[in-house]
Every structure is written in C-alpha cells, then in structure tokens.
Amino acid sequence: MKSTKIYRGTIVYAPQLGALECLEHAYLVAQNGVIAGVFQELPGKYQDAALEDFGDCLLIPSFTDLHLHAPQYAMMGMGFDLPLLEWLNTYTFKEEARFADAGFARTVYEALATELVRRGTTRVCMFSSLHREGTLILMDALERAGITGFVGKVNMDRNSPDCLRETCEESLAQTRRWLDECAGRYAHIRPILTPRFTPSCSDALMEGLGRLAEEYELPVQSHLSENDAEIEWVRTLHPDCEQYWEIYAKFGLWKRGTIMAHCVHSDVRERAAMRSAGVWVAHSPDSNTNLYSGVAPVRKMLNEGLSVALASDVAGGAKLSMLHAAAEAIRASKLRYYYSGKRPDEAYLTVPEAFYLATSAGQQYFGAGPGFCVGDSLHAIVLDDSALPPSRPLAPAERLERLIYADDSRTIRAVISEGRRLV
Ligand code: GUN
Ligand code: FE
C-alpha cells in the first residue's frame, strides 16, 4: 500500500539557474515520501488522499548547506576582527579541542541539529572535529533530527596546537575505525573524507587518505584558495606544486564529487581543473566577508560551467540560515560587480539565482534533480510571510525575495525531510 500525502500551497522552485517556477495554490504530491508530481489542478486519482493545506504560504524546496563546521556552532560570531589563520589559531582550534568531551559534544550537536531543521536546512555536508567519538555523536544527532547528508571526521597532523593534532598513524587508524563503526549504522548520514586543508595534513596523511578514498569509495571535502596568507603558506609547503589544487590532485583527493570550500582566489586555471574533474565549489559569502578573505568569482564560475552551491561555513559564517547565505551571496556579488567597474563577466547574482544556489544546486550534489522532480525524496519547507509587515498584494517571486532578505525564523512554518514532516 502506498501512503499518499498531498501538500497545498503556492509552490515556488528554481528549475534552472536564473529561472523561477511559481504555481499559486497548487498541489505537491508525495507517495511514500517520494515526489509524484506538482499539479495546478489535483488529478482525480488523488482526490481521496490526505491533504494538508498551507493556505497562502509558499511551499519551496528545503535548503542544502554544502559546507559547515559542527564544532564551531557554539562560537558563531566570534573572532572576526582576525583574518583566517589568526582566527583558526586564536579561537577555532581551541574550541574544537573541547569536543574530546563526549558530553559537551552531545549538548552542542543536539542543539545544532534542532536549529538546522528549524532554519529549513535538511541536507548538509559537514565537518566534525578530529575526534572519532564526537563525530559519531554528531552523526547520531543529525540522523535522529531527520537530516540527510555527509559528515567527516577531520584529519589534521600538523600546524595546530597539541590539543588538536593527531599523528599521521593515529589519524589514519581512527578514520578507518570510524568508517567501520559508521557502516550500517545510519539510514541518511554517510561519511566523507575530510583533510582539513593542506597546511593541516602531512604528505603521508594525504597519501593515506587518498588510499582510503579509493578503498572505501568515499567522497572528499576540504578547503581551497580561501585567503592570501593561506595560499602563500601552501606555496612554501609545496614548492613542487604550481597551484593549490594540485596538492589534492597529487594524492587522489581531486575527483568527481570532491567539495572544495571557498575558492575565493581560484584563477582561471584552477577553475578549469575543477570543472574538468567534476569538483564542487561550496560558496560561503558570509564567511568570506567576516574573515575578509575576499569575494569569490561566482559569476565566472557559473559562466564556466562549474558546479557551485551555497554554504554557511559556520562559524566563518555567523548564521546557520541559508536565507541569510542567499542574501549575502547577492550582496557580495554586487560589491564585486561594482568594484570591477561593472564588467558584464562580473554581473551580480539575482534573487532567483541565489535561490537556485541555496536549493536546486545543492540538491544535485545529493543525486536529486533541481526543484521538485518526480522520483526524488521530498525535501520541502513552508514559508509563512504573515509575520512580516503587511504589504500590498505581492507576486510569488516578490514574496520569495522579501522572505530571503527578512531571514526570519518565524516565517519557517513546516519542514519536510525525506518525506517526513519534522516541524
Ligand atoms: N581552513 C581550514 N580550516 C578552516 C575552518 O575551520 N574554517 C575556514 N573558514 N577555513 C578553514
Ligand atoms: Fe570551512
């Protein structure tokens, strides 16, 4: 017996970059949690199925966050008077070291999982800390909360304080043990290999991770070309490599489905290497502004055909909200456009484009189609703008824009993940 659920509301989604599909007072049908179709008129065969009517609310795909750091959740909004490397050394590494304590990890990770759902994010690619036990606690918390995604135990064996550093042997052995402990334990959470970034990982560690990626057929996530001082440091650590990305490539970590966070300073050659390998860019504009790393050349990336999706990069980003990330992506792109002398190849992101990057783009990382595609698991949220100031009658696209810029958690009225109603 198929369980059929029908949701009624004003359905808005981004079928492709720059396009918006809007159906007022339309129907979204799910069978056993899988999308069966979007309809302006409900087909007769569904007339008797259970219907939930969200009235005038918008029904949109839930958000994907392609890069964030779970153990930085409790230090959101701290240390931003420092640039990246000083921020890591002064605040971040000390905070992450606290996740050796399983009780502390449980408290923070449960709060994080709850808040992600409340903010309408149902699919994530997440960094844990280097702690194996803490990473399992994080995965347990996400699975229980109803979130889907990839979580990585971080690997780091150099250039951090004693309290947050493994030996190469420990790092590889703990990773292997973690992978074996994950196997069969989760329905919706999967492991991803996570070398923190080049300065944190010796060649031997990178080489071992490359072998694990192959042996376990795992995806990879890391950081790339975020900040000038970082890039200069990487150059001195790897004089044999002309560009930052080549180090990941050298060790078998640069492949289809690899996610690289930031890529603020990736030039045309580094971007070409991403495109030809099928490496994804996790664009984190809030973080790039907070840590004054720069503004990523997103328009160029999109024009060149790279796979780009939005990310909060908490706690480089100061908010979990992907509504906020979308607005920040637009703002950052406008500044880049202005300071380029308004060059067409630096054109700013529009609202429909930022919405695409926060939903449809990331969905494709998880193997789904853009928007609401038949056959995909249903991930959706209901946005209620009645909490915002009274307005003249607005078109669905105008309402979406206002909701993005308002970034108000009161407007998120329902959350559906893998077809399950969470809020
Ligand atoms: N590069 C290496 N580690 C980090 C981190 O935790 N945050 C950011 N933004 N960049 C990094
Ligand atoms: Fe990051």
Side-chain angles (χ1 to χ4, degrees), residues 65-99 112 124-131 134-135 138 149-161 164-166 171 192-202 205-206 209 220-234 237 244-245 247-248 253 258-266 280-296 309-320 325 328 332:
D65 189 342
L66 236 59
H67 177 81
L68 73 163
H69 298 260
Q72 298 173 19
Y73 178 50
M75 55 165 276
M76 279 192 309
M78 294 181 67
F80 293 149
D81 288 346
L82 298 171
L84 174 68
L85 299 177
E86 285 78 358
W87 176 76
L88 288 173
N89 283 315
T90 311
Y91 283 85
T92 317
F93 290 156
K94 285 178 195 148
E95 179 72 10
E96 289 194 19
R98 301 175 73 196
F99 288 78
L112 167 64
V124 296
C125 292
M126 204 180 255
F127 279 47
S128 176
S129 59
L130 58 74
H131 309 98
T135 304
L138 171 60
F150 293 94
V151 173
K153 175 215 164 313
V154 167
N155 300 97
M156 46 196 302
D157 72 342
R158 64 175 183 180
N159 295 315
S160 52
L164 193 73
R165 198 177 60 244
E166 318 156 290
S171 188
I192 181 168
L193 284 182
T194 307
R196 183 175 204 117
F197 69 155
T198 296
S200 293
C201 300
S202 67
L205 179 53
M206 292 276 225
L209 291 174
V220 174
Q221 59 180 355
S222 194
H223 294 92
L224 182 71
S225 298
E226 178 177 2
N227 158 289
D228 292 332
E230 171 214 16
I231 294 167
E232 197 44 49
W233 190 17
V234 167
L237 290 170
Y244 196 158
W245 68 275
I247 300 145
Y248 297 115
L253 300 166
T258 291
I259 298 175
M260 285 290 154
H262 307 301
C263 313
V264 171
H265 303 285
S266 295
W280 281 67
V281 178
H283 175 46
S284 304
D286 189 34
S287 170
N288 299 155
T289 305
N290 290 331
L291 296 169
Y292 45 106
S293 303
V295 183
L310 271 187
S312 68
D313 190 37
V314 158
K319 290 184 170 188
L320 281 180
E328 284 299 303

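Each ligand, and each atom within it, is numbered from 1 in the order the structure gives.
Close contacts between ligand 1 and Glu226 involve ligand atoms 1 (N), 8 (C), 9 (N), 10 (N), 11 (C) [criterion: under 4.0 Å to a heavy atom].
Among the backbone and side-chain atoms of Glu226, none of the N, O or S atoms lies under 2.8 Å from the Fe ion (ligand 2). The Fe ion (ligand 2) has no N, O or S atom of His262 under 2.8 Å away, backbone or side chain.
Pairs passing the salt bridge (charged side-chain N to carboxylate O under 4.0 Å, His left out) check and including a residue from residues 220-232, sequence neighbours excluded, read Glu232-Arg235. Pairs of residues two or more places apart, or lying in two chains, never qualify as side chain to side chain donor-acceptor pair (under 3.5 Å) while including a residue from residues 75-89.
Taking only nitrogen or oxygen atoms, main chain and side chain alike, Arg196 reaches within less than 3.5 Å of ligand 1. The shortest N/O to N/O separation between Asp313 and ligand 1 falls below 3.5 Å.
Within Asp313, the N/O/S atom positioned nearest the Fe ion (ligand 2) carries the name OD1. As for His223, its N/O/S atom nearest the Fe ion (ligand 2) is the one called NE2.
With Phe197, Trp87, Phe93 as candidates, the residue nearest to atom 2 (C) of ligand 1 on a non-hydrogen basis is Phe197.
Using modelled atom types and a 3.5 Å distance limit, the side chains of Glu96 and Ser129 yield no donor-acceptor pair. Ser284 and Asp313 are not linked by any side-chain donor-acceptor pair at a separation below 3.5 angstrom, with hydrogens and angles left out of the test. Residues Ser222 and Tyr248 bring a donor and an acceptor atom of their side chains to less than 3.5 Å of each other.
Nearest heavy-atom pair, Tyr91 versus Met75, reported as atom, atom and distance to 0.1 Å: CB-CE, 3.9 Å.
In this structure, His262 has its ring center at least 6.0 angstrom away from the ring center of Phe197.
For the ligand labelled ligand 1, residue His262 lies inside the 4.0 Å heavy-atom shell.
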